Amino acid sequence: MSIKFDVRAGDPSRAATPLLVVALPADPSWPKALAALDKRYEGALSRAVRRKDFRGAKDESLLLFAPSGGPERVLLVGTGAGDSVKGVTRAATLAGRKANGLGVGRATFWAEELTEEWLEGAIVGLSLGAWEFRELHSPLPKESRKKPLAAVTLFVPSVRAARAALVAGTAVAEGQRLARRLAMLPGNICTPEYLARTAREIGKRHKMPVKVLGRREMQRLKMGSFLAVAQATTQDPKLIVLEYKGGKRGEAPVALVGKGLCFDSGGISIKPAASMELMKFDMSGAAGVLGAMEAIGRLKPRVNVVALVGSTTNMLGGEAMKPGDVVRASNGKSIEIQNTDAEGRLVLADVLCYARRYKPQAVVDAATLTGAVVTALGNTTVGVMGNDQDVVNEVLAAGRRGGEVGWQLPLFEEYKELIKSDVADIRNIGGRGAGSITAALFLAEFAEGMPWVHLDVAGTAYSETDLVVMPKGPTGTPVRTFVEFVRERAH
Ligand code: BES
Ligand code: MN
Ligand code: ZN
């Protein structure tokens, strides 16, 4: 369910709301604009601040109840030191989570001078903070059921000036919510067919043409690399194409590419049983692409975008690809498969070849590609690699704006040695070291001649633990990086 956001001007002290969120910076003094509210609370709010029960620190919150009238509750949340969109977004996320937990159903939000950029951040924060995945649980008995947060009104200095940010914030939030939901859905429900159906729904909502290639069509196009991965699954693999036409006719599109492994068992090079269930998240790149397209459909930037998702499951069976097999991708390059668990790059190879026909101005792919990126950068930084430094810089900047920070790893010539094969043009694994780099260099072989950047989101697409502002599960990364990149390319 999505949250309805609205903006209004005026004094929050008179708002009839079950919950008013007040975001305050570090070491605050009680805002003059909220003097009337403080009065209603018999001075308790300013007292809490003065006596330092509340210091406005990052992730700090304090809930107070009204003695009578006006907002029933006030939740103070800290934006921390330094005036930043990031601070407000994070505070709003915490507020969204608390509001949802309280079961108040609706809330209002106030921060000093909530102008465009901050407003967008606040909406995204509130929406994602309140996000949860309950659809596969049986409903709770009536008496213990809580109202999920369904509507939020934000107080802004000017309603007219806030309109665009209201639309933008909602767009980004809905895109990210969709990505999280898709990623959370298990492999038996979120199949390649399910992703294709989701793409068709997005296409229908926003008038984007959708094309879906199945096994037969891919055979005709000689996508031997992608099809090798799909060899042992009974589910039809899907190459999903979604086109957004916001730019000039004939203008080269931005291509967004996503790895959509609805489950990755590793294949014959099978993964250990412990935590294997997490490999339902191996379609997070695809979820990111579809989430970004939902956001783009709402934002309507003046740019053309083509989304390409390669989706299947990596399974075992008598038909499965084997270590040592040699296959040929649709651009004619031969590949020795030395490890069937390095399947993402095999799928993306043919998807990148297919992207070429759109003559894209830039290609950005996202994939939960390597465990090695977790070793290198942990769970908070996206691995970024590419063949065009300007576009790499653009993607890094987009990630920073969107709060999905990335860090570049080098694609030095020397590493290419590591993916040479005795029997084919290239092999699908490198040596022991530089696993994320050799994976990206493999992809680079199929992105030749296109300005291309690769995001390895294996560490950042989902959280294995419950964090203050991030529940255990999918994070929505890389939706915001994609959206920010596309917005910047618009004119
Ligand atoms: N989907 C995995 C990568 C992954 C690992 C994602 C951990 C999220 C968390 C990918 O298909 C894979 O299995 N990669 C192998 C590559 C290796 C065989 C060269 C890996 O990282 O172990
Ligand atoms: Mn794998
Ligand atoms: Zn995988």
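In this text, all values refer to a predicted model and were calculated from it rather than measured experimentally. Sequential numbering from 1 along the given sequence is applied to the chain's residues. One-based numbering, in listed order, for ligands and for the atoms of each. What you see below is based on every heavy atom in this structure, not just the backbone, and it leaves out hydrogens, waters and symmetry mates.
Because the distance cut-off is set at 2.8 Å, Gly344 fails to qualify as a neighbour of the Zn ion (ligand 3), as none of its N, O or S atoms comes that close.
Looking at Leu369 against ligand 1, only its backbone comes within 4.0 Å, counting heavy atoms. Here Arg432 has no heavy atoms under 4.0 Å from ligand 1, in either its backbone or its side chain. Looking at Tyr462 against ligand 1, only its side chain comes within 4.0 Å, counting heavy atoms.
Here OG1 of Thr93 is found 12.0 Å from CG of Leu467. Values are rounded to the nearest 0.5 Å. How far OG of Ser436 is from CG of Leu377: 7.5 Å, rounded to the nearest 0.5 Å.
Using a 4.0 Å cut-off between charged side-chain N and carboxylate O, Glu484 and Arg400 make no salt bridge. A salt bridge links Lys259 to Glu343: at least one charged side-chain nitrogen sits closer than 4.0 Å to a carboxylate oxygen. Remark: Glu132 does not engage Arg181 in a salt bridge, criterion side-chain N to carboxylate O under 4.0 Å. The residues Lys238 and Glu193 are annotated as salt-bridged, a charged nitrogen and a carboxylate oxygen being separated by less than 4.0 angstrom. Salt bridge absent: Lys204 and Glu201 never bring a charged side-chain N and a carboxylate O closer than 4.0 Å. Between Arg298 and Glu294 there is a salt bridge, since a side-chain N of the basic residue sits under 4.0 Å from a carboxylate O of the acidic one. Here Asp466 pairs with Arg97 in a salt bridge; the nearest charged N to carboxylate O distance falls below 4.0 Å.
Less than 4.0 angstrom separates some heavy atom of Asn339 from each of these atoms of ligand 1: 18 (C). Residue contact check: Ala458 has heavy atoms under 4.0 Å from atoms 6 (C), 8 (C) of ligand 1. In summary, the atoms of ligand 1 found under 4.0 Å from a heavy atom of Glu343, numbered by their order in the structure, are 11 (O). Shown in contact with Lys259 at under 4.0 Å from a heavy atom are these atoms of ligand 1, numbered in order with element: 1 (N), 10 (C), 11 (O).
The protein atom (non-hydrogen) at minimum distance from atom 2 (C) of ligand 1 is Asp264 OD2, 3.6 Å. In this structure, the protein non-hydrogen atom closest to atom 19 (C) of ligand 1 is Ile429 CG2, 3.4 Å. The protein non-hydrogen atom at the shortest distance from atom 16 (C) of ligand 1 is Arg345 NH2, 3.7 Å. Counting protein heavy atoms only, atom 12 (C) of ligand 1 is closest to Asp341 O, 3.2 Å. Scanning the protein for heavy atoms near atom 20 (C) of ligand 1, the closest one is Gly371 N, 3.8 Å. With respect to atom 7 (C) of ligand 1, the closest heavy atom belonging to the protein is Met279 CE, 3.8 Å.
Between the Zn ion (ligand 3) and the N, O or S atoms of Asp282, the shortest distance is to OD2. Closest to the Zn ion (ligand 3) among the N, O or S atoms of Glu343 is OE2. Within Asp264, OD2 is the N, O or S atom that lies nearest to the Mn ion (ligand 2). Within Asp264, the N, O or S atom at minimum distance from the Zn ion (ligand 3) carries the name OD2.
Taking 4.5 Å as the limit, some side-chain heavy atom of Leu195 sits within range of a side-chain heavy atom of Cys262. A 4.5 Å side-chain heavy-atom check between Val289 and Phe482 finds at least one atom pair inside the cut-off. Residues Asn304 and Val254 have side chains not in contact (no heavy-atom distance under 4.5 Å, counting atoms from C-beta outward).
In terms of polar-atom proximity, Thr368 is counted as a contact of ligand 1, with an N or O under 3.5 Å from an N or O of the ligand. Looking at Asp282 next to ligand 1, an N or O pair under 3.5 Å apart turns up.
Taking 4.0 Å as the cut-off, Phe281 does not count as a neighbour of ligand 1 on heavy-atom distance.
In this structure, atom 22 (O) of ligand 1 has no protein heavy-atom contact shorter than 4.0 Å.
Rounded to 10°, the angle that OD1 of Asp341 and OE1 of Glu343 form at the Mn ion (ligand 2) is 120°.
In the model, Thr475 has no side-chain atom that pairs as donor or acceptor with a side-chain atom of Ser463 under 3.5 Å.
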- request: Check the pair Glu120, Arg487 against salt bridge (Lys or Arg N to Asp or Glu O under 4.0 Å), reporting the backbone distance first and the verdict last.
  value: CA-CA 14 Å; Glu120 184 179 323; Arg487 280 169 111 180; 2.9 Å; yes
